[in-house]
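This report concerns only the one structure given below.
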Amino acid sequence: MAFCRSVRALCLAPVLLTGCARPPGDIAPTAVVPSDRQLEYQKMELIGFLHFTVNTFTDQEWGFGDEPPAVFRPTHFEPDQWAEIAAEVGMKELILTAKHHDGFALWPSEYTEHSVKHSPWRDGAGDVVGEFVAACRRHGIKVGFYLSPWDRNHADYGRRAYLDYYRNQLRELLTNYGEVTEVWFDGANGGTGYYGGANEERRIDRETYYEWEETWGLVKSLQAGTLIFSDAGPDIRWIGNERGFAGETNWSTIDTEGIVVGAAAAAYLNSGDPAGKRWVVPLCNTSIRPGWFYHADEDDEVKSPQELLDIYYRSVGRNCVLLLNVPPDKKGLLHERDVAALREFRRILDETFAVNLAEGKPVEADHHRLRHPKFAPANIVDGDPETYWATDDDVRAATLAIDLGAATYFDRILLQEPIRFGQRISAFTIEARVAGEWAVVARGTTIGYKRLLRIPGVTADRVRISIEEANAVPALSNLGLFRAAAGETLD
Ligand code: FUL
């Protein structure tokens with residue numbers, strides 16, 4: 001940086017003397033930035049959840065824990081169908097409920113008899129987890145596991161011995177199935193259950209019982225790259241509701257100290273904390289159906305493509321990853337209605353975002369770091385997510401103007417910050433020049449990895465983006481202007 005500052009004059013001269021070989025360094029990162037793994041995770045944008053276990057066959061959401069393994073008997077179990085559809089609709093990872101609250105293990109765990117070992121499926125020789133992982137690998141889908149801490153089957157649940165059991169199961173999942181991208185630690189805890197025949201209520205102290213730090217340490221010791229999800233992170237955090245809606249303001253940073261898994265303050269998680277000391281990727285989870293598990297009587301309640309799009313805008317469009325649950329049915333397949341909704345959702349999404357009307361258009365800015373091409377305003381419309389525009393160090397507000405060349409109709413706006421250097425912007429306004437008159441078309445707070453704005457359509461020949469507040473040098477990597485596909489909304 002010092003070097004380039006000193007040769008700044010040279011670099012400026014007839015813009016880019018080819019002799020100015022060494023480009024300036026990047027903007028300084030903010031105090032908290034994502035890890036490479038978290039960045040990769042955020043870029044996946046859409047991932048899938050598979051709730052599948054004895055509940056699928058008993059028509060329950062929370063099994064009591066006394067379900068006989070014999071009830072688990074999918075007739076056409078085919079995880080290749082799950083992975084194939086996931087790949088087709090753009091899901092980059094699938095998370096399977098290896099064990100839900102009922103305690104039934106979908107793999108032949110050494111540590112329990114309450115598993116597929118005693119199911120008629122594959123004559124007790126099957127391994128749902130193993131077949132799921134193999135299918136994911138064949139289709140280039142990353143693998144994640146949900147392993148419910150609450151176990152309504154296990155005799156020791158609520159006692160110290162259960163923690164060893166739980167960790168042994170985690171060890172199996174993280175040792176025997178290759179690379180695991182994410183482990184999902186759910187917050188539902190304690191209550192009535194079978195508990196080895198005791199049939200009673202067991203309450204645990206959420207703050208102390210699970211000794212989460214140790215369990216998370218075990219995960220990292222088995223696979224250093226695995227990302228851990230819980231209300232409190234440490235790598236991925238819950239967004240605070242199960243509708244899949246992030247706050248319009250959504251910081252990727254929070255303070256995790258004091259957050260009790262299963263008892264987090266939903267509002268805090270929903271919007272994050274600009275002063276948070278930890279980067280914890282916000283994740284929106286929701287189901288394509290009312291329940292998490294398959295129930296035939298919900299076949300008419302599958303979310304429409306338009307509802308899924310609305311969720312997408314409120315999750316991915318608000319700096320989140322979207323984890324969408326699509327539960328396999330009793331056959332062991334994703335239901336045709338869910339698949340049809342997902343396909344149409346993807347088709348519309350692709351059509352909406354196919355053409356960026358701002359791409360390659362001239363951009364001017366009132367601030368341009370070092371006046372160097374590395375930080376040029378035009379970088380926000382060059383179609384390259386890695387390049388970015390930034391201001392000089394002492395600047396916190398700036399305006400960029402895009403010349404569309406001709407009156408152009410758009411109703412969707414996309415903004416992205418280069419979050420590898422941290423999240424910075426906290427207030428912005430977008431204006432459009434319609435028939436010679438400037439009008440505000442959108443206002444927002446945070447941007448982060450991705451911010452999508454739905455606006456009433458405008459036909460404009462110029463667009464202005466004013467960054468009004470930022471906690472460090474403002475920077476943008478991407479601006480997109482789009483026209484929503486017909487059928488995106490039903491109004
Ligand atoms: C909750 C669980 O109780 C639900 O059954 C479901 O697994 C959901 C994703 O998390 O806490």
Side-chain angles (χ1 to χ4, degrees), residues 46-65 67 72 82 91 93-106 128-129 132 144-154 157 166 169-170 173 182-194 201-204 206 209-210 212 215 227-233 236-246 259-266 269-270 281-295 298 301 303 308 311 315 320-329 334 338:
L46 177 66
I47 62 178
F49 219 168
L50 299 159
H51 275 69
F52 186 51
T53 190
V54 286
N55 295 344
T56 312
F57 303 88
T58 57
D59 217 9
Q60 298 288 310
E61 275 292 302
W62 284 7
F64 192 71
E67 295 73 22
F72 185 81
W82 311 347
M91 290 174 171
E93 179 192 300
L94 285 174
I95 301 178
L96 174 68
T97 52
K99 180 186 84 167
H100 202 252
H101 307 331
D102 54 81
F104 182 75
L106 289 185
V128 173
V129 170
F132 157 73
F145 294 129
Y146 172 116
L147 185 73
S148 172
W150 183 23
D151 188 321
R152 303 176 93 188
N153 173 264
H154 204 273
Y157 181 78
Y166 186 69
Q169 290 203 316
L170 257 184
L173 292 174
E182 176 174 4
V183 181
W184 224 82
F185 293 107
D186 182 69
N189 285 309
T192 57
Y194 174 70
E201 178 161 353
R202 291 191 184 170
R203 296 270 160 212
I204 51 106
R206 297 177 206 253
Y209 179 58
Y210 292 111
W212 281 120
T215 301
L227 295 171
I228 296 173
F229 166 94
S230 87
D231 291 9
I236 304 166
R237 80 170 195 259
W238 191 43
I239 206 62
N241 64 69
E242 290 186 335
R243 289 174 302 148
F245 296 167
I259 296 186
V260 177
V261 177
L269 296 182
N270 199 240
V281 181
L283 177 69
C284 290
N285 65 304
T286 195
S287 182
I288 196 167
R289 288 165 171 257
W292 293 100
F293 287 91
Y294 176 82
H295 309 289
E298 291 181 354
E301 293 179 79
K303 289 193 171 80
L308 296 176
I311 293 168
S315 55
C320 274
V321 172
L322 171 57
L323 169 58
L324 181 60
N325 180 63
V326 190
D329 62 12
L334 305 186
D338 305 46

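First listed ligand is number 1; within each ligand, the first listed atom is number 1.
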- request: Provide, to 0.1 Å, the distance between atom 3 (O) of ligand 1 and the closest protein heavy atom, together with that atom's residue and name.
  value: His101 NE2, 2.8 Å
- prompt: By number and element, which atoms of ligand 1 are closer than 4.0 Å to a non-hydrogen atom of Glu242?
  reply: 1 (C), 8 (C), 10 (O)
Validation row, ring centre Phe145 to ring centre Phe229 under 6.0 Å: no
- request: Starting at CE of Met91, measure out to CG of Leu322 and round the result to the nearest 0.5 Å.
  value: 7.5 Å
query: Salt bridge or not for Asp338 and Arg289, using N-O below 4.0 Å?
result: yes
- request: State, without any angle test, whether Trp238 and Asn285 hold a side-chain donor-acceptor pair at a distance under 3.5 Å.
  value: yes
- line: atom 10 (O) of ligand 1: closest protein heavy atom, distance to 0.1 Å, is Asp186 OD1, 2.8 Å
message: I want to know if ligand 1 touches Tyr146 in the polar sense, i.e. an N/O pair below 3.5 angstrom.
response: yes
message: If the condition is side chain to side chain donor-acceptor pair (under 3.5 Å), which residues does Glu61 pass it with, not counting sequence neighbours?
response: His295
Nearest neighbour in protein (non-hydrogen) for atom 7 (O) of ligand 1: His51 NE2, 2.7 Å
query: Can you find an N/O atom of Glu61 closer than 3.5 Å to an N/O atom of ligand 1?
result: no
- request: Could you list the atoms of ligand 1 found under 4.0 angstrom from a heavy atom of Phe49?
  value: 9 (C)
task: Determine whether the side chains of Thr53 and His100 contain a donor N or O and an acceptor N or O closer than 3.5 Å.
output: no
- prompt: Mind checking whether His100 has an N or O less than 3.5 Å away from an N or O of ligand 1?
  reply: yes
